[in-house]
Novice: 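Pasting in a structure now, in structure tokens, and then I'll have a few things to ask.
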Protein chains: 2
Amino acid sequence: MNKTVVKTLELLQLFMTHEQLTLQEIVKLTKLPKTSVFRMVQSLVASGFLKKDGEAYELGVSLLQFGCLVAERLDVRKAALPIMKQLKEETNEAVNLVIKDGDEAIYVEKVETSEPVRVYTRVGRRAPLYAGACPRVLLAFMPSEEQKKYLDHVELIPIASKTIVDREQLKTVINEAKKKGYTVSHSELADYSSAVAVPIFNHEGKVVAGLSVVGPENRFQPSYIEQLVPKLKYAAEQISKALGFIGGKNVKL
Amino acid sequence: MNKTVVKTLELLQLFMTHEQLTLQEIVKLTKLPKTSVFRMVQSLVASGFLKKDGEAYELGVSLLQFGCLVAERLDVRKAALPIMKQLKEETNEAVNLVIKDGDEAIYVEKVETSEPVRVYTRVGRRAPLYAGACPRVLLAFMPSEEQKKYLDHVELIPIASKTIVDREQLKTVINEAKKKGYTVSHSELADYSSAVAVPIFNHEGKVVAGLSVVGPENRFQPSYIEQLVPKLKYAAEQISKALGFIGGKNVKL
DNA sequence: AATATTTATTCCGTTATTCGGAACAAAAGG
DNA sequence: CCTTTTGTTCCGAATAACGGAATAAATATT
């Protein structure tokens, strides 16, 4: 592996949380020698990944191009989008699609609602697999050994007021999700926001994505959730079918 | 500057034109020693910029995150989107927004139409500044010395059937654009597609983007274009105002 | 089933490149 | 005018990248 490259790309990651950074600021954040940072930044600028905007540096538009390519090439996303829109029409709630990336969930598509009170999620956002309905549905339906390994090692850090931080409770919730085929979250990733999520399977019967309906907590009462679940399940089924999943078969676990 | 980093990021650029690449294929394309390519690819995988999908490598979802961040942070885009949607409603044609990135134009936003016959442009797509209405409008309104330098050195390569490849003709078209405040293209970037574009200015009176209406060539007759121009100009004015441009003032050239 | 072939990965001595302190330059602030 | 801050260049030392060759793994061929 190539140390310099990894370090340089780590540096680039700083720009995920900082819109603009001056050389000095990068030096402080990375605690790397100024000269080294300078060289790395130069290289990133030369490659179009950063650009200098007056004093400070910011992400280059090349990254926009890459991002769009990735979005286009995600075929779950392609299959899901029309059905997500339909689901939004039926429920009048925001609909999200997440996939697993390592030990994290990443939001790859969203359909916003026009409701005055709504929950905003950003495409590209990451969340741990244990928090939030949509990430957790990925966790619940992942191969059982992998799941076990994850559950044994993961550190449960609170993100919002009701993030599950108890390992046993998490296991219970996951088992319930597996049994019922969906999972619900209240204020796990953001306060006052709730979600209901179901899994999407590919042609091999493997979970490839989670589909969720998200909205303000006060609206997500049990009776309302009961109404949402069949709609979500139907949508997920449609998407899974589009990916070649043969309905009815048992999921490999 | 950091050679290894630049080379590695060059390698990554291969994935803009190739959805998937195996190690072998990368070696052939780059003509670099296998071991070096291997190391670079490993580094990119470690940083989440590539991921291994079975045999081959493909772009990692980290890039989706970066792309979304860039999109969000482009304030021209923020200001333009609602007005672009409105313009689409008025004209029933696809609307594009491009900005300049070095010697190229890059499409940063689009609003699609529901017309059966339409032109598809991908966000993140690049085009030279001399071809297509939208890129050319950036060229026409850029600072005159910079424009001169560009025009003296650029190599005019045909892209579609009517791409302008004659330097003098290009200069004429640019001067016309400056005078009229808009420019038109027919089959310059893609056959049978036409566009009308106008400039967007920021608070300093500098051109920061081009706004265009794109559609099938047969629909874009002179009489139709005459109808489009005022609508486009009005929309561009709105966006420019949102960016702090004080209308009426002369543009710095 | 054994062998050939292609592709991926590890090893390791050589050397080019990165490293980083220090000096320098430029700009901002007192 | 001097001080301070931030960005850029220099250069010898040290390390990290290089790449040929060997190995391993997976595929194809006989």
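Heavy atoms only: backbone and side chains are in, while hydrogens, waters and symmetry mates are out. The structure presented is a predicted model; accordingly, all values stated were derived computationally and were not measured. Here is how names work: the chains are called A, B, and so on, in the same order as the sequence lines, proteins then strands, and each is numbered from 1.
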Novice: Can you list everything that forms a salt bridge (Lys or Arg N to Asp or Glu O under 4.0 Å) with K149(B)? Sequence neighbours excluded, please.
Specialist: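 Result, salt bridge (Lys or Arg N to Asp or Glu O under 4.0 Å) vs K149(B): none returned.
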Novice: Do other residues, nucleotides or ligands put more than 12 heavy atoms under 6.0 Å from K100(B) NZ?
Specialist: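 Yes - once you tally the heavy atoms of other residues, nucleotides and ligands closer than 6.0 Å, there are more than 12.
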Novice: Checking S240(B) now: which residues fulfil side-chain hydrogen bond (donor to acceptor under 3.5 Å, both in side chains) with it, not counting sequence neighbours?
Specialist: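 S240(B) satisfies side-chain hydrogen bond (donor to acceptor under 3.5 Å, both in side chains) with no residue once adjacent residues are dropped.
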Novice: Enumerate, atom names and distances included, each donor-acceptor pair closer than 3.5 Å involving a side-chain atom of residues 18-25 of chain A, sequence neighbours excluded.
Specialist:
from   : atom 1 : to     : atom 2 : distance (Å)
H18(A) : ND1    : L14(A) : O      : 3.0
T22(A) : OG1    : Q24(A) : N      : 3.3
E25(A) : OE1    : T22(A) : N      : 2.7

Novice: For A56(A) and for S36(B), find the nucleotide of DNA chain D with the closest heavy atom, then tell me which residue's nucleotide is more 5'.
Specialist: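 Result of the comparison: A56(A).
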Novice: side-chain hydrogen bond (donor to acceptor under 3.5 Å, both in side chains) with K233(B): which residues, sequence neighbours excluded?
Specialist: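 Here no residue qualifies.
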Novice: Quick one: list whatever passes ring-ring contact (aromatic ring centres under 6.0 Å, His included) with F49(A), sequence neighbours left out.
Specialist: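 Per chain and number, F49(A) pairs via ring-ring contact (aromatic ring centres under 6.0 Å, His included) with F66(A).
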Novice: For D191(B), what residues pass the side-chain hydrogen bond (donor to acceptor under 3.5 Å, both in side chains) criterion, not counting sequence neighbours?
Specialist: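 For D191(B), the residues satisfying side-chain hydrogen bond (donor to acceptor under 3.5 Å, both in side chains) (neighbours in sequence not counted) are S161(B).
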Novice: Do nucleotides 5-18 of chain C as a string where each nucleotide becomes B, S or -: B if the base has a protein heavy atom under 4.0 Å, S if just the sugar-phosphate does, - if no protein is that close.
Specialist: --SBBBB-----SS
Novice: Side-chain polar contacts of residues 52-60 of chain A - donor-acceptor pairs under 3.5 angstrom, sequence neighbours left out - could you list them?
Specialist:
none

Novice: For DNA chain D, which nucleotides open and close the run of contacts to chain B, 5' to 3', at under 4.0 angstrom from a non-hydrogen atom?
Specialist: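 The contact span of chain B on DNA chain D goes from dA17(D) to dA21(D).
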Novice: Please report the end-to-end axis angle for the helix from dA1(C)-dT30(D) to dA28(C)-dT3(D), five pairs per end, rounded to 10 degrees.
Specialist: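 Taking the rotation axis at each end, their angle is 40°.
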Novice: Tell me every residue that passes side-chain hydrogen bond (donor to acceptor under 3.5 Å, both in side chains) with E72(B), counting only those two or more places apart in sequence or in another chain.
Specialist: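 side-chain hydrogen bond (donor to acceptor under 3.5 Å, both in side chains) list for E72(B), sorted by chain: Y120(A), R122(A).
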Novice: For residues 125-135 of chain A, which residue pairs pass the side chain to side chain donor-acceptor pair (under 3.5 Å) check, not counting sequence neighbours?
Specialist: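 Counting only pairs at least two positions apart or across chains, the side chain to side chain donor-acceptor pair (under 3.5 Å) contacts touching residues 125-135 of chain A are D101(A)-R126(A), E104(A)-R126(A), R126(A)-S62(B), R126(A)-Q65(B).
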